[in-house]
Amino acid sequence: MNSRRDHRSNRTALFDGIEEGGIRASAYSSHEIHEHDNDLAIEGMQDRVNILKRLTGDIHEEVESHNRMLDHMGNDMDSSRGILSGTMDRFKMVFETKSNRRMATLVASFVALFLLIYYLTK
């Protein structure tokens, strides 16, 4: 008899929300449920916006760092260009006279021979 009573109470609990002719209205109206869903969606979007804001800040810092590095490299390239142009002017002065031209050819030949031996032994 006790099991029958438990069976009836379980059945009553299962069908508690159903009345004759339809389902009873819930404690929350559909408007309140939609408002709660909207609030949850807004919170989720705010979290995403905050993540994107931090990410764009990090990207901005990285871009600024790269721009500084590129400016530094550009300045280094300009100074290297100045040094190379001075060296080229000195080579032009060496090649102006015939004896200097022979000396430069001799030096260039020794450098080429050294590089050839270096690569063959490596």
Side-chain angles (χ1 to χ4, degrees):
M1 192 163 197
N2 207 5
S3 70
R4 246 184 183 193
R5 191 176 296 168
D6 288 340
H7 178 67
R8 282 186 181 174
S9 67
N10 286 342
R11 188 172 180 189
T12 304
L14 181 63
F15 294 107
D16 190 33
I18 299 177
E19 294 179 351
E20 276 188 43
I23 299 175
R24 264 195 314 195
S26 67
Y28 299 106
S29 69
S30 91
H31 177 72
E32 289 172 337
I33 292 171
H34 290 303
E35 282 292 322
H36 179 71
D37 290 344
N38 286 343
D39 290 341
L40 290 176
I42 288 172
E43 288 175 11
M45 289 180 77
Q46 286 174 337
D47 292 341
R48 289 183 190 135
V49 166
N50 288 333
I51 290 170
L52 287 173
K53 185 177 180 180
R54 284 193 302 266
L55 183 63
T56 55
D58 292 343
I59 290 171
H60 177 73
E61 289 175 11
E62 189 73 21
V63 166
E64 290 293 323
S65 169
H66 284 125
N67 282 339
R68 283 191 300 274
M69 183 176 60
L70 288 172
D71 287 341
H72 183 68
M73 285 176 59
N75 293 338
D76 289 346
M77 293 297 280
D78 288 340
S79 66
S80 299
R81 187 176 298 125
I83 291 170
L84 285 176
S85 67
T87 304
M88 290 302 294
D89 290 340
R90 286 187 199 107
F91 272 120
K92 286 179 187 175
M93 287 176 24
V94 167
F95 283 117
E96 284 178 358
T97 62
K98 203 166 200 155
S99 64
N100 287 338
R101 193 174 300 158
R102 284 186 188 155
M103 179 62 83
T105 305
L106 184 63
V107 170
S109 299
F110 280 121
V111 170
L113 182 64
F114 174 75
L115 290 175
L116 179 67
I117 292 171
Y118 176 74
Y119 284 115
L120 290 177
T121 60
K122 192 173 181 183

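Within the 4.5 Å cutoff, no side-chain heavy atoms of V63 are placed close to those of H60. No side-chain heavy atom of I42 sits under 4.5 Å from any side-chain heavy atom of M45. Contact check for E32 versus H36: no side-chain heavy atoms found under the 4.5 Å cut-off.
Between the CD1 atom of I51 and the OG1 atom of T56 there is a distance of 12.0 Å, given to the nearest 0.5 Å. One distance of note links CG of L116 with OG1 of T121; it measures 9.5 Å at 0.5 Å rounding. With rounding to the nearest 0.5 Å, the separation of CE in M77 from CG in L84 is 9.0 Å. For the atom pair N67 CG and E62 CD, the distance stands at 10.5 Å (nearest 0.5 Å).
Each of H72, E64, H66 was evaluated against R68; a single residue qualifies, E64, per the side-chain contact (heavy atoms from CB on, under 4.5 Å) test.
Enclosure of atom CE in M69 by more than 12 non-hydrogen atoms of other residues, nucleotides or ligands within 6.0 angstrom is indicated.
Electrostatic pairing of D78 and R81 counts as a salt bridge here, judged by a charged N lying under 4.0 Å from a carboxylate O.
Within the 3.5 Å criterion, the main-chain N or O of E61 finds no donor-acceptor partner in the side chain of S65.
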